Amino acid sequence: MHTIEATRRSGIAVAPDCTVAHAAAVMEQAGVGSLVILDGDELVGIVTDRDLVRRVLAQGRPADVRVDSVMSAPVVTVDADADMRAVFDAFRTHAVRRLAVVRDAKFVGMTSIDDLLVQRVSELNDLCRPVTAEILFGHHETPVPATIG
Amino acid sequence: MRASVGDRIVIDGHHVGEPKRDCEVLDVRGPDGGPPYLVRWAENGHEALFFPSSDAHVHHYEPSAH
């Protein structure tokens, strides 16, 4: 499976000069916990709801500070056409919970540990179903066909 | 995904009980109606650049005959 096929949540971007109040309002309306910061086509940073708490609210900073002053950079990325192994490698080697998915160095989406875990657990459930059924209901032997003549 | 200015994009909730989200396409930044889209969120009017995934669906704008 390619990374882009496992990216099931839309990505949202804002400009570097937007305020943290604007970023928070977009997060709330879009139902996401992170935004990427794009300067034109260039991916320059990422900001999460946790960043807004730790770097703005907890520091007593005003809501009109620029989002690029509280974003994290550089952004850990994974190629949209890379195998899923690249995603797991990136999560193993970087202390992040989200990865920006890029194609030709341009942002196309976001994937997160939470989304991948939900996906993997769902796949495991599918695998467990026939085993569980066999444990609960037993194994039915196929009857030997009757011989003719 | 293909969209035009005036179309609405609806994003499915990601958690049980989470409402769908709704935004209007203000500008199409990709080729041939493709993403990304500059959108305005219905509830608070804030704008952002939107990169749709499988959780998003386009409702094409149909102008009223009246």
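Naming convention: chains lettered A, B, ... in sequence-line order (proteins, then strands); numbering from 1 in each chain. These numbers were taken from a predicted model, which means no experiment stands behind them.
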ILVMFWY cluster, A/F88 and A/L124 together (side-chain gap under 4.5 Å): no
Derivation of the side chain to side chain contact (heavy atoms under 4.5 Å, CB included) call for A/I12 and B/W41: CA-CA 12 Å; A/I12 318 280; B/W41 298 99; 3.8 Å; yes
Atom CZ of A/R50: over 12 foreign heavy atoms under 6.0 Å: no
Note, A/V14 side chain near B/L49 side chain (heavy atom, < 4.5 Å): no
Connected via hydrophobic side-chain network under 4.5 Å: A/L116 and A/I4: yes
Residue pair B/H46 / A/H22: nearest heavy atoms and the distance that separates them: ND1-ND1, 2.9 Å
Hphob cluster co-occupancy, A/V36 + A/V47, side-chain heavy atoms under 4.5 angstrom: no
CD-OG distance between A/E5 and B/S53, expressed to the nearest 0.5 angstrom: 11.0 Å
Proximal component of A/L35, with respect to chain B [non-hydrogen, under 4.5 Å]: neither
A/D126 atom CG: more than 12 heavy-atom contacts under 6.0 Å: yes
Neighbour count >12 (heavy atoms, 6.0 Å) for atom CZ, A/R61: yes
Minimum-distance pair of heavy atoms, taken over all atoms of B/R21 and A/E28: NH1-O, 2.9 Å
Residues from residues 22-38 of chain B approaching chain A under 4.5 Å (heavy atoms): none
Verify same cluster id: A/V67, B/F50 (apolar side-chain graph, 4.5 Å): yes
ILVMFWY network linking A/V108 to A/M110, side-chain heavy atoms under 4.5 angstrom: no
Main-chain N/O of A/R9 paired with B/D55 side-chain donor or acceptor, under 3.5 Å: no
Main-chain N/O of A/A25 paired to B/N44 side chain as donor or acceptor, under 3.5 Å: yes
Over 12 foreign heavy atoms within 6.0 Å of CZ, A/R103: yes
Intermediate values then yes/no, side chain to side chain contact (heavy atoms under 4.5 Å, CB included), A/S10 and B/F51: CA-CA 6 Å; A/S10 297; B/F51 297 78; over 6 Å; no
